[in-house]
Structure formats: structure tokens, C-alpha cells
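Here the structure is a predicted model, which means the values were calculated and not measured. Residue numbers begin at 1 in each chain, while the letters A, B, ... track the order of the sequences. All heavy atoms count here, side chains included; hydrogens, waters and symmetry mates do not.
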Protein chains: 2
Amino acid sequence: MNQPKIIVHGGAWAIPDDLREGVLQGVRHAANAGFQILKQGKASLDAVEIAVRILEDNPVFDAGRGSCLNAKGQVEMDAVIMNGRTLAAGAVAGIDCVKNPVSLARMVMEKTKHVLLIGEGAKLFAEEMNVEMVGQDYLVTKYAREELENYRKYEKTVGNLFNNKLSGCDTVGAVAIDCHGNIACATSTGGITAKRVGRVGDAPIVGAGAYCDNLGGGVSATGHGESIIRVSLAHQTVGLMKSGETADDACKMALSDMAERVHGAGGLIAISKNGDIGYHFTTERMAWAYASDDLVTSGLDPGDSEVFSMSKL
Amino acid sequence: MNQPKIIVHGGAWAIPDDLREGVLQGVRHAANAGFQILKQGKASLDAVEIAVRILEDNPVFDAGRGSCLNAKGQVEMDAVIMNGRTLAAGAVAGIDCVKNPVSLARMVMEKTKHVLLIGEGAKLFAEEMNVEMVGQDYLVTKYAREELENYRKYEKTVGNLFNNKLSGCDTVGAVAIDCHGNIACATSTGGITAKRVGRVGDAPIVGAGAYCDNLGGGVSATGHGESIIRVSLAHQTVGLMKSGETADDACKMALSDMAERVHGAGGLIAISKNGDIGYHFTTERMAWAYASDDLVTSGLDPGDSEVFSMSKL
């Protein structure tokens with residue numbers, strides 16, 4: 001029997017101080033909820049889905065409710081989920097009407113022969129599956145609207161967003177290993193404020209925003225989506241774990257390589273096949289939390305690490 | 001000065017005998033056209049774009065004109081292009097109105113901060129860029145309509161298409177190395193006949209349908225898109241070349257791994273940083289051709305290899 005573990009993130013960027021407590025509580029709560037699933041002997045796939053659903057439902061994060069708005073003020077959400085035992089994967093991109101994109105991604109994986117459904121096709125599939133649909137009034141928060149207004153005022157380019165504190169890109173994600181040693185991962189996002197209509201970042205791209213393989217480990221990525229795609233960041237990180245690197249070293253090496261090759265910043269969470277946990281970020285901050293042994297450890301700034309007993313969360 | 005080379009493919013599947021001459025002439029012509037660009041000292045990026053445009057324009061291939069139709073009888077095309085020197089990439093997915101998706105992908109790479117644009121957003125961008133738009137009357141061929149009718153008659157699942165000769169999935173692609181040693185690759189497709197509306201395969205996914213890095217090599221993939229995504233086939237193959245494998249060995253190892261892990265069949269073309277060429281397929285047939293030294297070599301069945309002088313094409 002393996003010791004079950006889960007790690008989650010709530011995005012890597014210059015998270016403003018007024019969001020600090022909200023995001024930390026949010027990632028701790030999600031990690032704890034995922035861990036309770038694992039403790040019952042359930043699959044890592046169930047744990048990452050539950051953890052990501054909780055992060056999607058929490059408006060403080062840029063995924064599901066609270067998603068960033070595109071240049072036309074619309075929500076376009078992306079999500080992916082992957083099973084490290086079978087390498088099965090499901091993803092959706094450019095959807096605007098589903099409460100929990102990660103669960104729709106799981107249905108793509110389990111109920112179709114496909115991996116990725118986009119736009120109108122993904123919406124038709126959601127209707128067929130009878131998943132919970134929601135309107136813009138639910139998905140769009142006051143904060144997301146203000147972020148778009150701020151962006152428009154400053155007319156910054158998407159690339160520049162990473163050099164200031166104007167706008168967030170707090171993708172969420174989770175990686176878990178269950179008592180059978182099976183690894184799963186999931187990532188979900190509303191993308192970047194003021195993105196071009198139809199822009200898809202790394203989140204729903206298997207190999208970029210998430211990847212897992214029981215022979216190596218599991219990864220969820222966050223940060224500058226275009227950079228992450230260009231280096232296939234998640235697949236690269238799992239490859240390093242396959243070659244024997246620890247999760248921690250694999251995250252550091254892959255992010256350092258991304259910075260060097262494409263000058264991109266981001267964050268990673270990972271669990272290796274041996275059950276060791278890793279997280280690292282080259283952005284100003286990343287919200288992360290992991291749970292094992294009835295303890296939840298979390299942090300935001302580099303070097304941060306607070307441990308809580310689950311009963312005290 | 002490096003010796004310039006280009007390799008192209010016209011899809012890996014059970015290509016029927018009546019298409020044999022058409023696809024072979026098509027890939028030879030595309031390889032030759034790309035090579036003429038390289039011989040003028042131009043960039044590998046220009047060569048792969050020209051070669052893929054020619055394959056898109058040729059209705060015998062499932063990309064651009066001649067694209068397979070989805071379950072509702074619509075065209076939904078995907079394409080990607082990548083620069084191995086900078087790791088810059090551009091892609092489009094789910095577009096129905098552009099003559100040359102690969103050129104639109106290149107515009108995403110060069111004219112936006114993004115990598116991937118989908119659906120309506122990609123269409124808006126195409127309009128902004130003033131690219132050549134075409135109607136369904138141009139894109140949809142009699143053959144594509146018949147394939148969909150055949151499919152509907154037999155009601156086969158997409159997975160089953162690879163076990164019979166009913167329907168094609170002849171993605172096209174190209175990989176080139178220019179006289180400066182810069183590598184580029186591109187892939188374009190209309191997808192699989194009777195695919196679900198909104199289904200996106202490997203073609204536009206950086207790391208799946210294509211990847212290149214001057215430090216390793218370049219790759220374009222074809223075959224069962226969902227399997228290719230699940231193993232990040234192109235990124236995996238480039239990683240093997242980075243570790244010192246030849247292009248040929250890297251293609252064989254990556255496809256053998258895909259067969260073992262996810263039971264998927266497909267084909268690969270590759271050029272390594274050292275300029276050696278590789279191609280391999282685990283489907284019944286793959287149309288391929290490469291050009292160097294004013295010779296074009298091509299084949300379709302396993303073991304096939306015919307050499308033509310370019311002046312005799």
C-alpha cells in the first residue's frame with residue numbers, strides 16, 4: 001500500500017496581498033478535500049477532480065467561477081484531466097457555460113473516443129451529458145470585470161502582464177497518488193485577462209498544462225501559457241522524473257530550462273512515482289498546498305511553508 | 001553551411017490502392033517545392049510552410065481542400081507550425097473557412113502573443129489578417145462526402161477506423177533543416193471522418209502533432225490523434241534525438257512505445273540536429289518523400305523506397 005498524497009496549486013503570478021489569505025485558505029481546503037477522498041481508498045483521479053472542482057467553485061481563483069475575461073469581456077474556460085495508469089486523458093477548451101470544466105474534461109476522457117473537445121462542440125457534449133450549466137452571472141465576478149477594466153486602461157500586452165501586478169492568471173491544478181500507487185493530475189483555468197477571443201493556453205494541452213505517467217510521476221503547470229506550450233513543460237517534467245529525478249529537482253530543472261529557452265515564468269507541482277512531492281515557481285508567488293499524514297502544508301512566497309493539522313483547518 | 005533537407009508525409013493509414021499514385025506524386029511534388037526554397041538559402045520555416053500549403057491545396061490529402069468531414073458533415077481543420085531555433089510556435093484548431101490553415105498558424109506565431117487560437121476566435125483573426133478565405137464548395141470534395149456516407153452506413157467508431165480501410169486520416173506534415181542548421185516543422189489536417197463536432201486531434205497540439213528544437217531535431221506526426229496526444233509523441237521523439245538517437249531510431253522507438261503504452265498506430269517523419277532523416281510507421285501505409293541533393297526519395301508500403309532525380313518529377 002502506498003501512502004496517499006495530493007498537492008494543489010492556485011496559480012503562479014504576482015498574487016496581490018489582499019488575496020493572500022483567500023488563496024491560501026482555498027488551496028488548503030482543496031488539498032484537504034482531495035486527501036479525504038484518498039484516505040477512503042478512492043482513486044487519485046477522483047481526488048484531483050474533487051480538488052479542482054473546489055478551486056473552480058471558489059471565485060478567488062481564475063477557473064470556473066471567477067475566470068478572467070477575454071478582450072471582449074467573455075469567459076472562455078479550459079481544463080484537462082489525465083490518468084497516469086492508462087495515459088487516458090480528457091480536455092475541453094473555449095467553453096463558457098459549464099460550472100465545472102474539469103468534470104466535463106473527465107467525461108470527454110470516459111464517455112468519448114476523443115481527448116480534446118473545443119468551443120461549440122464541447123458545449124453540445126456538455127448538454128448531452130447533462131452537466132451543470134451556469135450563466136455569465138455566476139461565472140463572472142466583480143473582480144474579473146475590474147481586472148479587465150484595469151487592463152484596458154493600461155493597454156498592456158499579455159506578455160507584459162508577467163512584469164507587473166495588474167492582472168492574474170491563477171490557473172488551478174492538482175496532482176495525487178493513491179494507495180495503489182496510481183497517479184492522476186488535472187488543470188483548469190479561465191486564461192489571461194484580455195486574451196484574444198479563442199486564445200487557448202497551456203491548461204487543456206496534454207503535455208503542456210498537465211501530464212502524468214505512473215512510470216514517472218504527475219505534473220500540473222501554471223504561469224505563462226504560451227511559454228509552457230513551447231517547451232511541453234509538463235511532459236518534460238514527467239520525463240525528468242522517469243529518468244530518476246525527484247519531483248522537486250524535476251520541477252526546478254524544467255522551469256529553469258523554460259526560463260533559459262523561452263524566457264517564460266511559471267510554476268509546477270509534481271508527485272513522482274516514488275511518492276515524493278515537488279513544487280517550484282519562477283514567478284513572484286505561487287499558491288500551493290499539499291496533504292499527507294493528516295497534515296496540510298502550504299505557502300505563497302518563495303521559502304514559505306506553514307503546516308496545519310487537518311482538524312484545525 | 002549545412003546541407004538543406006526536407007521530408008514530408010501525406011498521412012499514415014490504410015491508403016487504398018486507387019489513391020496510391022495520387023498521394024505519391026503529391027508528396028514528391030511538395031518535397032521538391034520545399035527543397036527549391038531551401039536551395040535558394042531560405043529558412044526551413046518557409047520551406048515547411050510552402051510544402052504543407054501544397055499538400056493542403058491537393059484534394060487527395062485530408063488537409064485544406066479535401067478535408068474529412070465531421071459527424072455533421074462540416075469541415076473543421078487544424079494546423080501547427082514551429083521554429084526550432086526559437087521554439088516559437090503557432091497553431092489553429094476548428095477552422096472552416098481558410099484556404100491554408102498552416103499559413104494562418106504561422107500568423108498566430110508571428111503576429112500575436114499567443115500560440116493557439118480556436119474556432120470563432122481563429123476565424124476573426126483570419127479576417128483581421130486578410131488571409132484567403134474559401135467556402136465549403138472549395139474545401140469539401142466528393143470523396144470526403146462519400147467517406148462520410150460510408151462511415152454512416154457502417155456506423156463504425158473512430159477507434160475502429162484504424163482497423164479497416166473505410167476511412168482516411170491523412171494528416172500532412174513537413175520537417176526541414178536549412179543551410180544555417182535551423183529546423184522547422186508543420187502539420188495540418190482535416191481530422192478523422194465523422195469525428196464529433198469540436199474534436200481536436202494531435203495536429204495542432206505542440207508536442208503531439210509536431211515539435212522541433214535545434215538542440216534535438218524536428219518531427220511531424222500522423223495517425224491516431226488521440227494516441228499521439230496521450231504520449232506527447234512529437235516531444236518524446238525530439239527528446240530521443242536530443243539524447244543522441246538518430247532520427248530513424250527515435251521514430252522507431254517512439255512509435256513502438258506508443259503501441260505498447262496506448263495501443264495506438266501512427267507515423268513519424270523527422271530530421272535530427274545532425275541532418276539525418278528518419279521516417280517510420282506502424283499503420284499499414286504512410287506516404288512520405290524527402291528531398292536532398294536534387295534527389296527525391298519516396299515510399300508508401302513498408303520497405304518501399306523509390307529515388308527520382310528532381311528534373312524528372
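Most heavy-atom pairs under 4.5 Å with chain B, from the set A/D202, A/N70, A/V197: that is A/V197. When each of A/S227, A/G239, A/G198 is checked for heavy-atom pairs under 4.5 Å with chain B, A/G198 comes out on top. For the set A/A88, A/G201, A/A91, the count of heavy-atom pairs under 4.5 angstrom toward chain B peaks at A/A88.
For the atom pair B/I192 CD1 and A/K113 NZ, the distance stands at 11.5 Å (nearest 0.5 Å). With rounding to the nearest 0.5 Å, the separation of CD in B/E120 from CD1 in A/I118 is 10.5 Å.
For a residue to count as touching a neighbouring chain, one of its non-hydrogen atoms must lie under 4.5 Å from one of that chain's; by this rule A/V108 does not touch chain B. Interface remark: B/A234 contributes no atoms to any contact with chain A (heavy atom separation under 4.5 Å). Proximity to chain B (any heavy atom under 4.5 Å) is restricted, for A/T112, to the side chain, taken from C-beta onward. If you measure heavy-atom distances from A/Q236 to chain B, the contacts under 4.5 Å come from both the backbone and the side chain. Contact of A/V262 with chain B is made through the side chain alone, with heavy-atom distances under 4.5 Å. Of the two parts of B/E128, only the side chain, counted from C-beta on, holds a non-hydrogen atom closer than 4.5 Å to a non-hydrogen atom of chain A.
With B/R199 contributing its side chain and A/L117 its backbone, the two residues share no donor-acceptor pair below 3.5 Å. No donor-acceptor distance shorter than 3.5 angstrom exists from the side chain of A/R230 to the backbone of B/M82, with no hydrogens or angles considered.
The side-chain contact (heavy atoms from CB on, under 4.5 Å) test with B/I205 is passed by exactly one of A/I229, A/I205, A/V115: A/I205.
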- Query: Taking it one step at a time, do A/D213 and B/R261 satisfy side-chain contact (heavy atoms from CB on, under 4.5 Å)?
  - Reply: CA-CA 10 Å; A/D213 180 345; B/R261 298 299 303 281; 2.8 Å; yes
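B/V206 and A/S232 get closest at one heavy-atom pair: O-OG, 4.0 Å. Nearest heavy atoms, A/K72 versus B/L124: NZ-CD1, 3.9 Å.
Checked against side chain to side chain contact (heavy atoms under 4.5 Å, CB included), A/M129 has the following partners two or more places apart in sequence or in another chain: A/M107, A/K111, A/F125, A/V131.
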